[in-house]
Number of protein chains: 2
Amino acid sequence: MPRPRQALLSRQRIIETAANLIDAEGLGAFSTRRLAAELGVRGPSLYNHFATKDEILDAVADSITAQVDVSSFGHGDWRDALRQWGLSYRSALAAHPNIVPHLAQGPGRRPAALAMADAVYGGLVDAGWPPARATHIGALMRYFVTGSALGSFARGFVEDPGFYAAQYPHLSQAHRLAEHQQSVDEGAFALGLDALIEGLSHTYERLVGALPPR
Amino acid sequence: MPRPRQALLSRQRIIETAANLIDAEGLGAFSTRRLAAELGVRGPSLYNHFATKDEILDAVADSITAQVDVSSFGHGDWRDALRQWGLSYRSALAAHPNIVPHLAQGPGRRPAALAMADAVYGGLVDAGWPPARATHIGALMRYFVTGSALGSFARGFVEDPGFYAAQYPHLSQAHRLAEHQQSVDEGAFALGLDALIEGLSHTYERLVGALPPR
DNA sequence: ACCTGAACACCGTTCAAGT
DNA sequence: ACCTGAACACCGTTCAAGT
């Protein structure tokens, strides 16, 4: 097929199809040739729209970051902003765990990731955090959220009930974790987020002074 | 070359060479053929010692997990145990960031990862934590540590000073983060670990009762 | 038991050729 | 401008053949 009157591909269509493919089959099964087949074209056609496979992954990653809500920063209590951002950040990433290893490489030149970093850092500094601490908080939140989205804790244990018995005395119930995957992972994230914010509140009081009433 | 008198390969030598290769060139550049070349053999030879490439990655991951110190659990204050484990866990993983995406898939059937999960969970339950909370704490610590080891926060920003100026008002100093990579990433981890432990202490008091003096 | 070459079905990417 | 087939240098894995 030569060049059609109407272009077969667009960056948008490539990004969406790539995201679906990665969600469904993982980063390992994601190849330019598989993606092209899914789009009804041949592999090389993609190179009219993206320079490399990595650039496609960047675009997919940024389209997911763009879904994170940072509107809570810049007004109100920083603790509420941190919690709302953290929940939104985790929920956006956890919907696409297979792309998280790529996304966790940092914002690089991805616009949505940079806009998020800008809003978070700016919001924390405006709230009174010293700049170095604001950086640390942005970093530690990324650690916690990407780590939680990267791989389910609960699904990390094999489901075979007999597997743990002999060797691991405290893991006799670990085979049941997978059944409760969502509540385990969400419960762990919620407990960690609450603990982080409570701990940071104390640091703030020591460093900056009294917190406003909420 | 036919079969030599003395075997050319061993699981141990394969694991060590694979770890070095992954550290030096990343998961993307790691192939069975490259690994075999490094070992002075041909690709198929590896299949006498491991069933798949994935099994090699599992073995590399577990050899890193085996370096984590969990001896702090089971005696003394759970807060100290959590801190010492967290620091050791992070330091083991951060020395090999390229393998972390594989490692973060959970313990699976890897003995060192299972032994670590067993010690942590057992230690927390013995310290008085309700079982469900002990699971959550193990999970949230894995999130935080793997996230911090997965990708440097500081190196995630481009070093070009002119890059941020126009678009991202609060990131005007972000190009300098890479210079201070180690102190930024370690400072963020330390702040997060302190906050988590302080926050969890309050949860413990509410849930279980008074903490012992330290 | 353990290493080999040949083979299979794949990769990412380049490039000249088509319209 | 945008899609194509052919080509290059790679992949993971299987398998029969060697000693």
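Values reported hereafter were calculated over all heavy atoms of this structure, with side chains retained and with hydrogens, waters and symmetry mates removed. So you know, we letter chains A, B, ... as the sequences are listed, proteins then strands, and number each from 1.
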- For Arg33(B), answer base if it contacts any base atom (sugar-phosphate contacts may also be present), sugar-phosphate if it contacts only those atoms, and nothing otherwise; contact means non-hydrogen atoms under 4.0 Å. base

Side-chain contact check for Arg42(B): nearest option of dT4(C), dT13(D), dT4(D) is dT4(C)

(request) Would you tell me if any nitrogen or oxygen in the side chain of His49(A) comes within less than 4.0 Å of OP1 or OP2 on dC3(D)? (result) yes

Between Asp126(B) and His170(A), do the side chains contain a donor N or O and an acceptor N or O under 3.5 Å apart? no

Tell me, do Pro111(B) and Asp62(B) make a side-chain contact under 4.5 Å, heavy atoms counted?
yes

Leu35(B) atom CG is separated from dC3(C) atom P, nearest whole Å, by 13 Å

From CD1 of Ile56(B) across to P of dG12(D) the rounded distance in Å is 9 Å

For this session: Could you walk me through whether Phe144(A) and Phe189(A) pass ring-ring contact (aromatic ring centres under 6.0 Å, His included), step by step?
Result: CA-CA 8 Å; Phe144(A) 184 54; Phe189(A) 183 79; 4.9 Å; yes

Side-chain contact check for Tyr47(A): nearest option of dC3(C), dT14(C), dC3(D) is dT14(C)

Gln181(A) side chain to Asp185(A) side chain, donor-acceptor N/O pair below 3.5 angstrom
yes

The residue among Asn98(A), Ile99(A), Val100(A) that forms side-chain contact (heavy atoms from CB on, under 4.5 Å) with His96(A) is Ile99(A)

Asn48(B) CG to dT4(C) P, in whole Å, measures 9 Å

So, OP1 or OP2 of dG12(C): does either fall under 4.0 Å of a side-chain N or O from Thr32(A)? yes

Ala7(B) has its side chain closest, among dT14(D), dC3(D), dC3(C), to dC3(C)

Separation of dC3(C) atom P from Leu46(B) atom CG, nearest Å, is 9 Å

note: Phe30(A), atom CZ; dC10(C), atom P; distance rounded to Å ~ 17 Å

Phe50(B) atom CZ is separated from dT13(D) atom P, nearest whole Å, by 13 Å

task: Assign Ser31(B) to base, sugar-phosphate, or nothing according to its heavy-atom contacts below 4.0 angstrom with the strands shown.
output: sugar-phosphate

Leu8(A) CG to dA1(D) P, in whole Å, measures 17 Å

Subject >> Within 6.0 Å of CD in Glu55(A), more than 12 heavy atoms from elsewhere >> reply: yes

**OP:** Flag the pair Tyr164(A) / His175(A) as yes when at least one side-chain heavy-atom distance between them is below 4.5 Å, and no otherwise.
**Re:** yes

Which of dT13(C), dC2(C), dC11(D) is nearest the side chain of Lys53(A)? It is dT13(C)

Atom CZ of Arg34(A) and atom C1' of dC10(C) are separated, to the nearest Å, by 12 Å

Out of dG12(C), dC3(D), dC3(C), minimum distance to the side chain of Ser45(A) belongs to dC3(D)

Given Watson-Crick and G-U pairs under 3.5 Å, DNA chain C in dot-bracket ([ ] crossing, | other strand) is ||.|||||...|||||.||

